[in-house]
Amino acid sequence: MPETTREGADGAGRFGVGAVLPLERRPLRNSFAALRDLLAVGVPGDDTAALRDPRLPPAVWPGVLAREVAATARWSARRTLALAGREPAARAGWHGRGRVLALLPAHGHMVHLLRRAAPFAVCGVPVRVAGHDRQRAAIASAVSRTARLLRLPDDALRPAAAPAAEAVAALTADDLVVVTGHPATAEKVRAATRATVLGATGGCVVLAGPDGERLAAAAAALGSHRHPGSCTRLGGVWGTGPAGAAPWRRDGTGVAPGEVVTQAHPSAVLRLTGSLDEPPGEIAGYTALPCDADGALGTLVGFGRDPWQGWPGDFLV
């Protein structure tokens, strides 16, 4: 069995939607329309400014936010089509009968809201959001704006009424916690609740591709966008044979791809390819995404997949 597995172009197998929530919980009509409208006219300027990740320059943030909205809209369309049998579907890892508590990290609130909280609310599941106690006001503001932009029902997406630890303790066995952060945080949450816990705890990205100028250019591009506390920081660069063939090499040492990514515990492996249209793949349980020499990704589907803590990857709920 090869260590690197690529999925078909239709995103079948491990990259089907419905990997957390049963497909019967379909996207709400108003929210589906809201995403369509945001795609057409963009996020209003005042909301864009208020939701900006302070680590990103004001000139860069609107493009990042537009990318996240577009990916969320594509996910909602795929989920609707999957229910009709026109898109690949995955087996849901949670029954969907309870509530969701999304625990955010210290950085990137809006991106993580759209990827790991809003999809449940868009499908009609009540979601509460918590994070670091010192950031409760900032999280509440981001949650309120997100709920309004997505035209969600009043009770669909709200900040947790209590600090994170108390919110976790109040959950039942029917509920779900989605944790973004350090593996130790996910383990602490798991020990404190009977709810199902899914964690996205990767701490970097790993770049792999054939040695040469394109690999060096991609590494330089990715390395220039380092942000404090980011799960997208460049955590390693490895030369490969053609088409990512093993062994991967660095400083003259050859290592099996599975060993590299397991030790790094990345949010994703970025696979330098000849085309960004290549589908995502999987290496040792982690998502491998196509990447070009400018550091651009062909897709975000499956980013954040965590074989340690169970999150199946973004835009796969």
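Predicted model only: the values in this text are computed from it and were never measured.
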Under 6.0 Å from the [atom1] atom of [X], do we count more than 12 heavy atoms belonging to anything else shown?
{"X": "R26", "atom1": "CZ", "value": "no"}
{"X": "D46", "atom1": "CG", "value": "yes"}
{"X": "R194", "atom1": "CZ", "value": "no"}

H265/T201 under side-chain hydrogen bond (donor to acceptor under 3.5 Å, both in side chains): CA gap, chis, key distance, verdict: CA-CA 8 Å; H265 188 49; T201 65; 2.8 Å; yes
Nearest-0.5 Å distance that lies between atom [atom1] in [X] and atom [atom2] in [Y]:
{"X": "L81", "Y": "R86", "atom1": "CG", "atom2": "CZ", "value": "5.0 Å"}
{"X": "W308", "Y": "Y286", "atom1": "CH2", "atom2": "OH", "value": "5.0 Å"}
{"X": "E166", "Y": "D133", "atom1": "CD", "atom2": "CG", "value": "8.5 Å"}
{"X": "R233", "Y": "S267", "atom1": "CZ", "atom2": "OG", "value": "9.0 Å"}

Kindly assign one of parallel, tilted or perpendicular to the pair W311 and F120, based on the angle between their ring planes and the thresholds 30° and 60°.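 The rings of W311 and F120 sit tilted, inter-plane angle from 30° to 60°.
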Donor-acceptor contact below 3.5 Å, side chain [X] vs main chain [Y]:
{"X": "T262", "Y": "G258", "result": "yes"}
{"X": "S76", "Y": "A73", "result": "yes"}
{"X": "T240", "Y": "A208", "result": "no"}
{"X": "W248", "Y": "G254", "result": "no"}
{"X": "S141", "Y": "A137", "result": "no"}
{"X": "S144", "Y": "A140", "result": "no"}
{"X": "R79", "Y": "V17", "result": "no"}
{"X": "R305", "Y": "P312", "result": "yes"}

Any side-chain heavy atom of [X] within less than 4.5 Å of one from [Y]?
{"X": "V197", "Y": "Q309", "answer": "no"}
{"X": "L316", "Y": "R78", "answer": "yes"}
{"X": "V269", "Y": "V205", "answer": "no"}
{"X": "L207", "Y": "W238", "answer": "no"}
{"X": "L297", "Y": "L276", "answer": "no"}
{"X": "L157", "Y": "T146", "answer": "yes"}

For [X] against [Y], the heavy-atom pair lying closest together:
{"X": "T287", "Y": "G302", "value": "OG1-O, 2.7 Å"}
{"X": "A268", "Y": "L289", "value": "CB-CD1, 4.2 Å"}
{"X": "P119", "Y": "W75", "value": "O-CH2, 3.4 Å"}
{"X": "P126", "Y": "G98", "value": "CD-O, 4.3 Å"}
{"X": "G310", "Y": "L198", "value": "O-CD2, 3.5 Å"}
{"X": "A293", "Y": "A221", "value": "O-CB, 4.4 Å"}

Quick test of your reading of the model: are [X] and [Y] salt-bridged, counting only N-O distances below 4.0 Å?
{"X": "R158", "Y": "D155", "value": "yes"}
{"X": "R99", "Y": "D174", "value": "no"}
{"X": "D175", "Y": "R97", "value": "no"}

Residues T180 and R116: side-chain donor-acceptor under 3.5 angstrom: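 Per modelled atom types, T180 and R116 side chains form a pair under 3.5 Å.
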For T273 and S275, test the side chains for any donor-to-acceptor distance below 3.5 angstrom and give the result as yes or no.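 Per modelled atom types, T273 and S275 side chains form no pair under 3.5 Å.
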Taking the six-membered ring of F303 (Phe, Tyr or Trp), confirm whether the NZ or CZ of R115 is under 6.0 Å from its centre and within 45° of its axis.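 Verdict for F303: a cation-pi partner in R115.
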